[in-house]
Every structure is written in C-alpha cells, then in structure tokens.
2 protein chains.
Amino acid sequence: MPVNDLHDAAALPQTTSVTSATQGAYNAIRRMILVGDLRPGEKLKIDVLKARLDTGASPVREALSLLTSDQLVERIDQRGFRAAPACQRNFDEILKLRCALEDMALRQSIANADDAWEEHAVLSLHRMSREDSKTSDTYEDLHKGFHMALLANCGSPILLKFCSQLYDLNVRYRYLAGRSLDYKSRHVGDEHAEILAAAVKRDVGLASDRLLSHYQKTGAFLRQSGLVSES
Amino acid sequence: MPVNDLHDAAALPQTTSVTSATQGAYNAIRRMILVGDLRPGEKLKIDVLKARLDTGASPVREALSLLTSDQLVERIDQRGFRAAPACQRNFDEILKLRCALEDMALRQSIANADDAWEEHAVLSLHRMSREDSKTSDTYEDLHKGFHMALLANCGSPILLKFCSQLYDLNVRYRYLAGRSLDYKSRHVGDEHAEILAAAVKRDVGLASDRLLSHYQKTGAFLRQSGLVSES
DNA sequence: TAGCAGACAAATATCGACTTTCTGTCAAAG
DNA sequence: CTTTGACAGAAAGTCGATATTTGTCTGCTA
C-alpha cells in the first residue's frame, strides 16, 4: 500500500493490518502529531519513539523522513527531527492556501463531473453522517474522505496531494484548539450537505462559495477560541 | 543545513561540503533524477545506489524517503523505490499547476514588495546572466534562484515550497526533452529581464502576464520537441 | 500444452552495534 | 560576575549482518 494514497482517501476505514514496520510507524506518528499527542515544536527523539512504538530505529527514522513530505515533521541535519511548529501566522497561511487550492480543485472537479464521481461523493457524505461519534478517529477519516471526494475529480493528482496535506495541517490546529470545541455549536452536517447539493447540481459558483464559507467559518471559530502559539 | 531550504534558494551556489551522508545522497540522487541520469519509472535498487554513491544502505533509503516529498521518487511498500514516472499528461498537469500557483505567489510577492526583496531579485538576475554556460549545473541553480527570488516575498512558505517542487518537476522534463534543445532558439534572457522589470515597476498584471507567457512558451516548446512518454 | 505448486534467487526491510556529532555543565581565566 | 573552553553524557547517524518478502523459474499434473 503506497504511502501517499489519495484516491482511496474516502474508502472504507482501512484495515489496521500493517505490512511494514515503517508503515506502522508512519501511521502512528502521523496520528500522534495530528492529535496533538506530540506537541508542536517538540523534539522527536528516536529512542523515545522507538520504545513507544516498539520498533527499531530504522523504521522510525524512515517514517519521520516520510512525514517531512507532509510538513508535519521538520528535519534538522545532524540534530534530529521535531514536530512542525505551530503559530497563528502558520494557521492563517494554511487556511488561505487551502481556500485557494480547494477552490481551484473543486471547480475543476465539477467541470469534469461524471456519475462515478458524484456517487462516490454522495456515499462519502452518507458514511460520514452515519458515524455519530464526532470525536472518534474514524469520523475524522470519513470527514477527510468526504472533502477529498469532492475534489477527487479535478484530474490533478498533485493538486489533490497538496489539498490533502493542507487538510491534515489544518486538522492539527483543530485538535490544538481543543477537540471538543469544534463542531459543537455549528451545524456542520448541514453545511456539508449543502456543499454536496450544489456540486451535484453542477453549480460551480455556489458550491465553491459554500465550501469556502465552510472553511472560513471553521477558521474564524478556531481563531476565536484561541490558538496555541508556542515555539 | 535543512533539507527544505526555500529562502536561500537564490543564495550563492552552495558549498558542496556536505555534513551528513544522507544529505549527500539526497543531493546526488535528486540531481541524477532531474538530469535524467535515472530514467522515469526506473527501479532504484538500494544496492546499486549504495555502490554508486559509496555509502551505506541507511543513508540511501533515507534520501529516497526524503525525495518522496519532492514527488521525484515513488515509494512502494515492500517493493522498494522507483523514479517518478513521466508522461505528457503529467507534464501538462505540472505546467498548469505551476502557472496557477506562481501567478498567485508572484502577485502576493509584488503586493508585499520592499527594497530588500527587489534588490535580491535584481541580483539573482544579474548572477544568472553573468553565467554564460547555459548548460552547466550552476546555471540551473541560478535560474531557479531567479524564479524563486521573484516569488520569495509572497509571505507563504508553504506556497513557496509547492512552487519549488513544481519547478524541479518541470526541470526534469526539460532534460528529458534534451537539454540542448532548451533555450536555444529563444531569447529567454530578455524574457527574464522583462518579467523583472514589470515586477520592479510593481505592475502586477504585466509581471504575471509575462511570467505565465514565459512558462507557456517553454511548455509549448517542450511539447513540440517531443516528450519521453515511458511509464 | 496450459496451469499451478513449490523452491530458489534477489532485493527489501529490519535489527543491533559502532562512530560521529551535538549539548549542557563545570571550572578557570579575564 | 561574566565569558570561554574543555569534558562528559546523550543523541543522531551510519554500517554490516540477518530475516522476510517478492519475483521467477522449473517441474509436475490435468
């Protein structure tokens, strides 16, 4: 299973059976960073992770190298690795870029619309809605799955990868702001449904507006509830 | 020296003194892929690279993992690494994305314009023009340096990294099409100067037009001269 | 003759030990 | 009292060897 699998992002929750130790370490560390278990800027010592994941040093090092792709880990030559720092400025940048790139991707995706894409998007929304526990990890996967499904038809794998990366970076800030805050006082379910409805109607402008508004609202929400601004 | 150093992209040609074996392997393999020494889709066997670079397996593996970030290498779990494939479709995608993202970056860069940025861009052009051998490696570095210097002031490190990646991916296609073809029958020097002039005049629209036209011309040029289209 | 099973060869992935580099502390000098 | 230098501990980086996996080739069977 390739590391960067974009197209299956909306697939069923992956079997946790992991083929290689590197892959397992990659998943585990990625999750720890996204969830905030490893704090922004924190030094990632090989020995510590090695013990925590019960693996050798090689898989850990390689996983960390791979996580550099996702901008979740910084590599400092001869000085090891650290979790990517977080700050208000960085958050704003991510939000802005996300809006720009996803807008682009969504428009292209709708322009190329076909039945398979549409049905996949509908299914993704359905699966997400069905999952009631909004704090669970699988919900996060399904949520990402839905958003990626909307963009999946844009015909540009590289653009998709960028969007996927930015999504993850953004998710981390959600957790940093306190996972419980998010989604509480808002009707995100409705927002998702409305975005999908516009997309299904092939209304590019409306879909894009709704998507961006969705992100801006979430962004304002997070900003207001105070971001962690360490290192 | 960090692997992902965007801000110094236009700095003087880097000292070749390499601190870590991984870093050395990274640079060497990256160059081999960009230049076409390692063909698209080619299997990258650890033993072979290990011997060729006179290093251990660990640095090679880690370098390959890092090159995954740049989309220059594909990692297939339990099946090793291979150089990223190349095809017409991929080239078109890169060109299109590049135009979109660099347009964005250039506009922001000019919007934030200040003296330091402007002078850095002027210097970068000068250094590139001074280098007469247009085929040498250092010219390639200076050329990238100039283009990145134009964008450097956009205030978005992530966007810059994306542009840098796309630049590299594009460079590879230049080499694939035959390094000598490029730049031969065109006055790229003039085009560069004109882009810079527009940027210095803070004429956002003109600068963007000229930049995109520059890329489109190069793109058409490469497309016409026939791309390698092997898996 | 086509297809499948098993074994052999090659290459990847992983481990554990060794070397190099960094970091923090403590003492001596300015 | 601050600063500089060296030493010791810790951590990163690297190497060589081993274990697992994959791909291929052969030979048997229907």
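When reading the values below, keep in mind they use all heavy atoms of this one structure, side chains included, and skip hydrogens, waters and symmetry mates. To find a chain, count down the sequence lines: A is the first, B the second, and so on, and within it residues start at 1.
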Whether B:H147 and B:Y167 hold their rings parallel, tilted or perpendicular, with breakpoints at 30° and 60°: tilted

Would you mind writing out the side-chain donor-acceptor pairs for residues 46-53 of chain B within the sub-3.5 Å range, not counting sequence neighbours?
{"from": "B:R52", "atom 1": "NH2", "to": "B:D37", "atom 2": "OD1", "distance (Å)": "3.2"}
{"from": "B:R52", "atom 1": "NH2", "to": "B:D37", "atom 2": "OD2", "distance (Å)": "2.8"}

N/O contacts under 3.5 Å, protein versus nucleotides 5-8 of chain D?
none

Nearest-0.5 Å distance that lies between atom CG in B:L64 and atom CD1 in B:I33: 7.5 Å

Any donor-acceptor N/O pair, A:S124 side chain to A:F146 backbone, under 3.5 Å: no

Modelled atom types, side-chain donor and acceptor of B:D103 and B:Y215, under 3.5 Å: no

Base versus backbone protein contacts along nucleotides 9-20 of chain C [heavy-atom cut-off under 4.0 Å; B, S, -]: --SSSBB-----

Protein-nucleotide distance (B:L53, atom CG; D:dT14, atom P), rounded to Å: 13 Å

Ion pair check, A:D137 and A:R31, cut-off under 4.0 Å: yes

Distance, nearest 0.5 Å, that separates CG of A:N170 from CG of A:L97: 11.5 Å

Side chains of B:S156 and A:E93, donor plus acceptor under 3.5 Å: yes

